[in-house]
Amino acid sequence: MAALSEEQRMIKDQASAWVREQAPVSTFRAMRDQDVAQGFFSETWQAMIEMGWTGLVVPETYGGAGLGYQTLGLVLEQLGRNLVASPLYASSVVGAAALMHSGSEDQKQALLPKIADGGRLVVLALEEGPRHNPSQIMCRAELTSSGVTLSGTKQFVMEGSAATDFVVAAKVDHGAGETGVGLFLVACDTPGVRRHAVKTMDSRGYASVTFNDVALDLEAMLAGPDTGQAVLEAVLDVATAALAAEMLGTAAAAFDMTLDYLKTRKQFGQVIGGFQALGHRAAGLYSEMELTRSCVEAALAALDNDAQDAQELVALAKCKASEFLHEMSSQLIQIHGGIGMTDEFDAGFYLKRARVLENALGNAAYHRDRYAKLLNF
Amino acid sequence: MAALSEEQRMIKDQASAWVREQAPVSTFRAMRDQDVAQGFFSETWQAMIEMGWTGLVVPETYGGAGLGYQTLGLVLEQLGRNLVASPLYASSVVGAAALMHSGSEDQKQALLPKIADGGRLVVLALEEGPRHNPSQIMCRAELTSSGVTLSGTKQFVMEGSAATDFVVAAKVDHGAGETGVGLFLVACDTPGVRRHAVKTMDSRGYASVTFNDVALDLEAMLAGPDTGQAVLEAVLDVATAALAAEMLGTAAAAFDMTLDYLKTRKQFGQVIGGFQALGHRAAGLYSEMELTRSCVEAALAALDNDAQDAQELVALAKCKASEFLHEMSSQLIQIHGGIGMTDEFDAGFYLKRARVLENALGNAAYHRDRYAKLLNF
Amino acid sequence: MTEQAINLDTFRAEVAGWLQENFPENLKGQGIAPFGGVEGDRVVEGDAALWRDRLASRGWGTPTWPADLGGGGLNHEEAKVLSEEMHHVGAINPIPLLAGMGVTMVGPTIMEYGTEDQKKRHIPGICSGKVRWCLGYSEPNAGSDLASLATKAEENGDHWLINGQKVWTSGADISQWCGALVRTDSGVKKRDGISFLMLKMDQPGVETRPIKLIAGASPFCETFFNDARAEKDDLLGALNDGWSVGKRLLQYERASQTGARPTSNKVSGSLQSLAKSYVGETATGELADADLRVRIADHLMHTRAHGLTIARITAEAKGNPEVSAAASILKNSATRVSQERAELTLEFMGHQGLGWEGDDFSEDEIEHVRGWLGGKAISIYGGSFEIQNNIIAKNILGLPETTQKG
Amino acid sequence: MTEQAINLDTFRAEVAGWLQENFPENLKGQGIAPFGGVEGDRVVEGDAALWRDRLASRGWGTPTWPADLGGGGLNHEEAKVLSEEMHHVGAINPIPLLAGMGVTMVGPTIMEYGTEDQKKRHIPGICSGKVRWCLGYSEPNAGSDLASLATKAEENGDHWLINGQKVWTSGADISQWCGALVRTDSGVKKRDGISFLMLKMDQPGVETRPIKLIAGASPFCETFFNDARAEKDDLLGALNDGWSVGKRLLQYERASQTGARPTSNKVSGSLQSLAKSYVGETATGELADADLRVRIADHLMHTRAHGLTIARITAEAKGNPEVSAAASILKNSATRVSQERAELTLEFMGHQGLGWEGDDFSEDEIEHVRGWLGGKAISIYGGSFEIQNNIIAKNILGLPETTQKG
């Protein structure tokens with residue numbers, strides 16, 4: 001990052017200190033061991049609200065701090081380091097972005113302040129099949145004179161267990177056939193909405209949500225078929241770049257744990273980092289981390305600056321972050337040897353979380369393909 | 001290889017001794033430095049004829065030894081080791097295979113004994129574009145009542161400078177449209193045939209050959225459109241597996257040179273093979289070599305046994321041989337450092353030859369795709 | 001027909017007849033489950049116990065081992081016939097499983113290094129399938145550097161007293177015997193003061209504690225020796241020569257690990273068809289994800305190459321590939337096959353590959369996740385990936401040793 | 001408008017005016033060819049010599065160097081303006097090229113370590129573009145182990161006598177001066193007895209012999225010193241402290257190598273469009289070879305990441321990224337970019353990528369082959385790939401040194 005502003009430095013230092021002191025990996029372990037249904041501790045969430053992170057990117061008009069994605073990235077990276085479980089990303093980043101990129105002024109006024117103060121958890125309900133594919137949406141929204149009827153099932157909805165509202169992507173049906181994708185705001189307690197928790201390897205709060213002929217007002221439509229696709233893409237760009245920032249943090253912590261082990265663990269009468277094969281492996285991982293960091297920061301900056309090549313940079317960031325986190329989490333286990341295999345040690349958490357994040361919003365192959373398409377080949 | 005027969009062991013030992021003593025890399029260097037037009041020394045070729053290698057796979061009925069491709073592979077591997085330049089592969093393997101898989105009894109009687117005694121050099125003229133693509137042939141053969149008229153251009157014809165005859169793959173035109181691929185035998189001195197030498201980085205005898213309304217007898221058709229595609233595929237299987245055997249030899253010699261250097265070159269007060277990063281790299285290369293050898297031998301055995309999965313194994317062998325030779329020739333230079341970059345040292349010959357062989361008859365990606373297609377995905 | 005072939009046919013008929021009489025019909029196709037599964041956590045009883053005992057009574061659980069020690073006394077061709085006929089009727093041989101490390105590692109090593117008395121006391125138990133063995137090798141601070149182990153054995157009259165801690169002792173909590181590497185001389189270079197002792201697990205001085213792994217419950221234990229006792233005549237090999245004995249045993253282990261086992265055996269069908277079921281295919285029948293297709297093809301090609309290499313080395317070794325120099329190559333290659341397959345499967349399963357429990361995932365999917373996690377150990381245990389590379393560089397390629405400085 | 005911006009605008013106008021008067025029209029867009037090209041094998045004359053001398057008269061060949069030593073005395077913003085305006089009229093600055101290693105490496109090192117007298121004697125020559133420097137570093141048996149060099153310098157009255165052999169001295173046959181690492185004390189640990197001497201190349205004791213490389217002719221030479229002479233006051237830095245001086249110079253080299261230069265500058269257009277021209281495309285506009293497409297995309301992404309990293313590190317270092325700890329990372333990354341691009345291009349060109357000479361291949365194709373071969377050196381010279389990894393492990397990550405045992 002070119003140079004942090006005074007404000008950015010403060011926020012980064014605060015996040016770093018809080019994560020180190022208040023949210024060690026043992027907090028995540030306790031959450032998992034206690035099998036907390038919503039997938040995070042309410043205390044954690046409360047602390048984030050108090051630090052103002054929930055409104056970080058929400059414009060000041062709507063009760064937020066109106067800071068940029070680069071600043072947000074600083075916080076997410078720190079959270080990623082210690083696998084901090086919270087709905088910050090799902091609601092205060094992705095949910096907020098959905099409202100910021102769509103919705104009427106009334107809708108914004110009604111919801112954004114609630115997202116910013118943590119009172120509502122608004123999350124995107126997008127995925128339907130086992131692999132990320134936003135161009136194939138099967139959920140349907142029928143527009144009638146009196147409103148909208150929503151039907152379909154959404155899977156792997158992040159923080160879907162704790163959410164208060166869903167932003168649902170659905171094919172819009174005018175009666176005269178489907179016309180495109182729209183985004184719809186659905187409160188969790190609307191009749192016809194059912195959800196159940198999905199138990200994933202990273203022990204976070206995913207849910208599967210079914211919409212059974214859910215009747216909504218016309219105002220529930222945040223974006224209609226004319227703008228829906230563009231809005232969804234813009235929201236996904238934000239979501240993807242922000243996720244890459246969290247992944248960078250997770251991988252960086254795994255690197256630090258590994259480097260520390262290389263410097264302290266002795267075998268054959270010397271610290272194992274002195275074995276050239278391991279030293280060079282560490283050098284290679286460090287180099288990849290530096291390259292990944294550049295991509296992540298560039299993607300966040302491009303979003304802040306509304307840069308022309310933002311989509312390319314977002315695809316680049318997610319691809320590089322996925323690849324590096326994949327390799328780094330694998331090497332975390334491999335270099336730690338037997339101890340890395342035990343549940344008592346934290347390495348397994350990083351490995352499991354890594355694969356979930358790699359897969360989310362399109363894996364490395366998905367974004368490599370996207371990058372090639374954007375480059376016209 | 002399961003176990004060599006007595007005969008195979010003799011042939012292998014003979015090839016190994018001859019290559020070591022009579023055909024060192026310095027012979028190839030002399031050939032290159034003297035810019036020998038045909039791309040090999042006639043003495044080399046004469047010696048091969050005398051050792052009977054020219055008739056190794058030709059059936060005894062046609063004056064050959066009637067031995068299998070596994071035995072042939074033993075010889076080709078040795079030749080590959082020292083980059084021995086000769087038309088053995090192009091004529092006595094590929095040319096012979098073309099005749100053995102097609103042609104009337106008369107044609108076989110006429111040509112196979114000449115291939116076996118080295119009197120004629122019969123080579124396949126297949127490639128037309130920059131990349132191997134046997135399914136897109138543009139050369140045309142018009143069948144008329146009186147015979148065949150052949151037109152088109154063939155590129156990168158191996159040993160095309162020294163060849164006496166070409167086996168040309170061409171689309172057959174009956175007058176009522178094209179009906180498939182046929183193979184045609186064309187003597188080099190037929191009116192309308194023009195060739196010129198192509199100077200490639202491996203300093204071997206390639207030619208570009210143009211067929212300008214070349215009038216042929218109907219007997220020139222070795223395979224018609226009903227069988228042509230199948231024959232061509234069978235010939236390419238033989239050609240590809242045999243090439244993989246040569247590539248294995250080239251890569252194995254590069255490995256041996258590298259290992260020798262690792263054991264003798266000293267830096268920082270110890271032989272460089274003692275640096276673990278290089279030791280592990282050598283271990284990885286050796287492992288890949290062992291895997292590649294298994295694939296090459298299995299492909300040759302499958303051809304000898306007419307095995308059902310021969311095509312798969314041939315694709316596997318060429319892919320693995322291409323990948324290993326690519327990496328091995330690159331590491332040959334890298335590990336030798338500065339000396340490897342000089343023309344005075346032989347490493348450059350291996351690197352240049354490697355890329356030519358990798359590309360010939362489809363590179364690793366081509367055969368990976370082919371393998372996937374054969375496995376139905 | 002040669003005499004040998006006639007004999008084999010006769011033997012085949014004999015086996016078939018015996019199986020018809022002795023193999024309990026309702027074990028057919030049941031696999032290892034009735035014998036406690038991989039975890040070995042169930043009591044073997046009823047038909048399963050019957051089959052185990054009948055098989056053992058002929059020595060056919062260890063068919064090529066000497067008959068006078070409880071083995072079958074068969075040659076390799078006969079053993080092959082036996083295996084074929086058992087496969088034919090859907091029977092498995094549970095004894096290698098029931099003996100823990102007994103059949104694959106401890107038995108061969110005892111037969112090579114043991115006294116006549118030791119063979120007579122230990123081999124029949126292994127052949128019976130009733131005595132399970134574990135191995136006390138790794139220690140908390142040793143890892144791949146086995147020679148630096150600290151567990152001590154001291155002479156105490158007619159027996160040894162053992163004190164120290166082992167880790168990664170697979171099946172320690174359900175084994176009757178343990179083969180342990182212990183330090184019997186601290187005054188010499190570290191490899192030189194090690195001995196191989198055999199001791200009973202069911203004694204007051206031995207305590208075991210199961211280890212929970214990243215994939216969940218595991219067969220591994222921590223094992224604590226507090227004045228544990230081993231008999232004087234249960235020293236295997238010479239005093240302070242345990243390093244050679246232990247290394248030889250590991251070679252038997254490596255030989256048994258060269259085949260690439262799927263990290264999960266529940267995911268059935270070919271990898272490519274499974275991938276298609278998650279990813280879909282193009283109009284021309286290709287996997288819809290071209291990037292993934294390349295990597296799956298590459299993986300399947302490597303897998304094939306690995307299989308061909310095992311076959312080639314086996315053939316070159318004339319049917320006895322065990323303990324060959326190539327074992328390290330095959331170990332690393334097998335590891336790559338297994339781990340790569342698991343990662344690719346996880347990838348194409350997408351969200352469905354990320355489950356931990358619950359009805360949102362199929363049994364196969366959950367099983368695969370656990371297998372993928374557990375499989376991360378393949379490149380760590382039994383000589384890590386790095387150790388195998390050291391062995392290849394030094395023993396096969398003749399490069400200088402880089403790990404042992406002292 | 002700030003004062004600084006006003007000054008810059010004034011300066012821009014001044015430069016534009018000066019260029020209009022002084023830049024010879026017919027050098028426009030000619031690139032480095034009139035100045036001897038990369039090989040430097042042509043005499044600089046006519047307009048080329050005129051332009052060189054006019055540029056040097058303002059010190060603008062080395063714009064940020066001190067004006068009293070022949071530099072331009074400009075600040076970084078002004079230098080940027082100069083560069084922009086020159087680019088605008090199609091002019092290049094040939095002086096870094098004409099000075100060999102003078103501008104990029106020797107000059108900065110002299111300014112850091114040299115005496116006032118040394119600066120006055122050597123810097124103006126570099127700034128003039130008339131004095132070319134080469135470097136005597138590598139020796140036939142040293143390679144990456146620079147510290148083990150054997151070329152000796154002995155004091156002999158008012159000068160040094162140098163004996164020994166150097167190799168890979170780029171441009172030695174056309175240089176006027178050489179900066180050489182020599183051994184001045186054999187009795188101490190090998191790094192401690194090395195000094196950095198500057199000597200004239202045009203003297204009886206110096207002989208050069210060009211080296212032919214795998215790509216053909218090269219700028220590299222073997223250089224032989226037989227009682228070659230260096231003046232006493234041309235010792236740069238302290239006696240026996242040449243290791244520090246030489247290492248510092250290499251850091252300047254590494255900094256100049258972190259940009260990924262294409263191994264051939266003749267292949268124009270984007271890699272992906274060039275690939276399409278050889279391989280073709282599908283109905284939906286994708287590269288027809290899906291396997292290759294994945295690898296080209298991966299390469300382009302790495303290339304982008306590399307560029308972003310240079311930009312980030314430059315920004316973090318506030319405009320002065322030279323000699324940073326990240327240089328080793330960027331060197332290896334740049335190497336990968338260059339070599340990977342060359343290999344991919346070779347691959348998609350198919351047969352057309354395999355030419356050596358003749359009309360069957362385009363000039364671009366032949367040029368690419370030579371560039372691909374020459375580019376294999378990028379991971380060997382200037383600190384090999386392996387050496388850079390050692391540096392990263394030791395200097396950045398703080399892991400123990402693995403190369404230096406003695």
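Throughout, a chain's letter reflects where its sequence line sits, starting with A, and its residues are numbered from 1.
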Rounded to the nearest 0.5 Å, how far does OG of B/Ser322 lie from CD of D/Glu347? 10.0 Å
Check ion pair B/Arg281-D/Glu386 (N to O, under 4.0 angstrom): yes
So D/Phe361 and B/Phe156, would you call those rings parallel, tilted or perpendicular, with 30° and 60° as cut-offs? tilted
With distance as the sole criterion, is a donor-acceptor pair present between the side chains of B/His196 and D/Asp359 under 3.5 Å? no
For chain B, find which of D/Arg295, D/Lys212, D/Gln352 contributes the most heavy-atom pairs closer than 4.5 angstrom. D/Lys212
Determine, stepwise, if the pair D/Leu354 / B/Asp202 fulfils side chain to side chain contact (heavy atoms under 4.5 Å, CB included). CA-CA 8 Å; D/Leu354 305 174; B/Asp202 66 344; over 6 Å; no
Side chain, backbone, both or neither: which part of B/Ala277 has a heavy atom under 4.5 Å from chain D? neither
Got B/Arg32 and D/Trp356 here, is their nearest side-chain heavy-atom distance under 4.5 Å? no
Salt bridge check: are D/Asp291 and B/Arg368 linked by an N-O gap of less than 4.0 Å? yes
With a 4.5 angstrom heavy-atom cut-off, which part of D/Glu343 approaches chain B: side chain, backbone, both or neither? side chain
Is D/Leu346 close to B/Glu358 at the side-chain level, that is, under 4.5 Å between some pair of heavy atoms? no
Distance col, row D/Met349:CE vs B/Asn359:CG, nearest 0.5 angstrom, shows 12.0 Å
Any idea which of D/Ser218, D/Pro140, D/Gly355, D/Gly358 has the most non-hydrogen atom pairs under 4.5 angstrom with chain B? D/Gly355
Which distance, rounded to the nearest 0.5 Å, do you find between the CG of D/Leu292 and the OH of B/Tyr366? 15.0 Å
Heavy-atom contact with chain B under 4.5 Å, split by part of D/Ser148: neither
With a 4.5 angstrom heavy-atom cut-off, which part of D/Ile366 approaches chain B: side chain, backbone, both or neither? neither
Between D/Asp360 and B/Ser208, the two heavy atoms sitting closest are OD1-CB, 4.3 Å
When rounded to the nearest 0.5 Å, the distance separating OH of B/Tyr350 from CD1 of D/Ile214 is 14.5 Å
Could you grab the distance from atom OH of D/Tyr278 to atom CZ of B/Arg131, nearest 0.5 Å is fine? 11.5 Å
Given heavy-atom pairs under 4.5 angstrom as the criterion, report whether the side chain, backbone, both or neither of B/Ala347 touches chain D. neither
Does any part of the side chain of B/Met341, heavy atoms only, come nearer than 4.5 Å to the side chain of D/Ile380, both counted from C-beta? yes
Where does B/Thr342 contact chain D at under 4.5 Å (heavy atoms): side chain, backbone, both or neither? both
Got a second to check how far B/Glu128's CD is from D/His351's NE2, nearest 0.5 Å? 11.0 Å
Of B/Ile333, B/Leu351, B/Ile339, the largest count of non-hydrogen pairs under 4.5 angstrom with chain D goes to B/Leu351
Name the region of B/Ser330, side chain, backbone, both or neither, that has any atom closer than 4.5 Å to a heavy atom of chain D. side chain
Please report the C-alpha distance between B/Arg355 and D/Trp372 in whole Å, then the side-chain angles of each, then the deciding distance to 0.1 Å, and finally whether the side chain to side chain contact (heavy atoms under 4.5 Å, CB included) criterion is met. CA-CA 11 Å; B/Arg355 294 299 176 274; D/Trp372 160 71; 3.4 Å; yes
Counting only non-hydrogen atoms closer than 4.5 Å, does B/Asp369 touch chain D with its backbone (N, CA, C, O), its side chain (CB onward), both, or neither? neither
Top contributor to chain D interface from B/Lys352, B/His326, B/Glu344 [non-hydrogen pairs under 4.5 Å]: B/Lys352
For the residue pair B/Gln334 and D/Ser379, what are the closest heavy atoms and their distance? OE1-OG, 2.6 Å
Heaviest contributor of heavy-atom pairs below 4.5 Å to chain D, chosen from B/Gly348, B/Gly337, B/Gly338, is B/Gly338
Please walk me through it: do D/Leu213 and B/Asp343 pass side chain to side chain contact (heavy atoms under 4.5 Å, CB included)? CA-CA 5 Å; D/Leu213 289 187; B/Asp343 185 74; 5.9 Å; no
As an exercise: rank B/Gln155, B/Arg265, B/Glu127 by heavy-atom pairs under 4.5 Å with chain D and give me the winner. B/Arg265
Chain B: which of D/Val279, D/Ile211, D/Val167 shares the most heavy-atom pairs with it under 4.5 Å? D/Val279
Examine distances only and state if a side-chain atom of D/Glu357 and a backbone atom of B/Lys199 form a donor-acceptor pair shorter than 3.5 Å. no
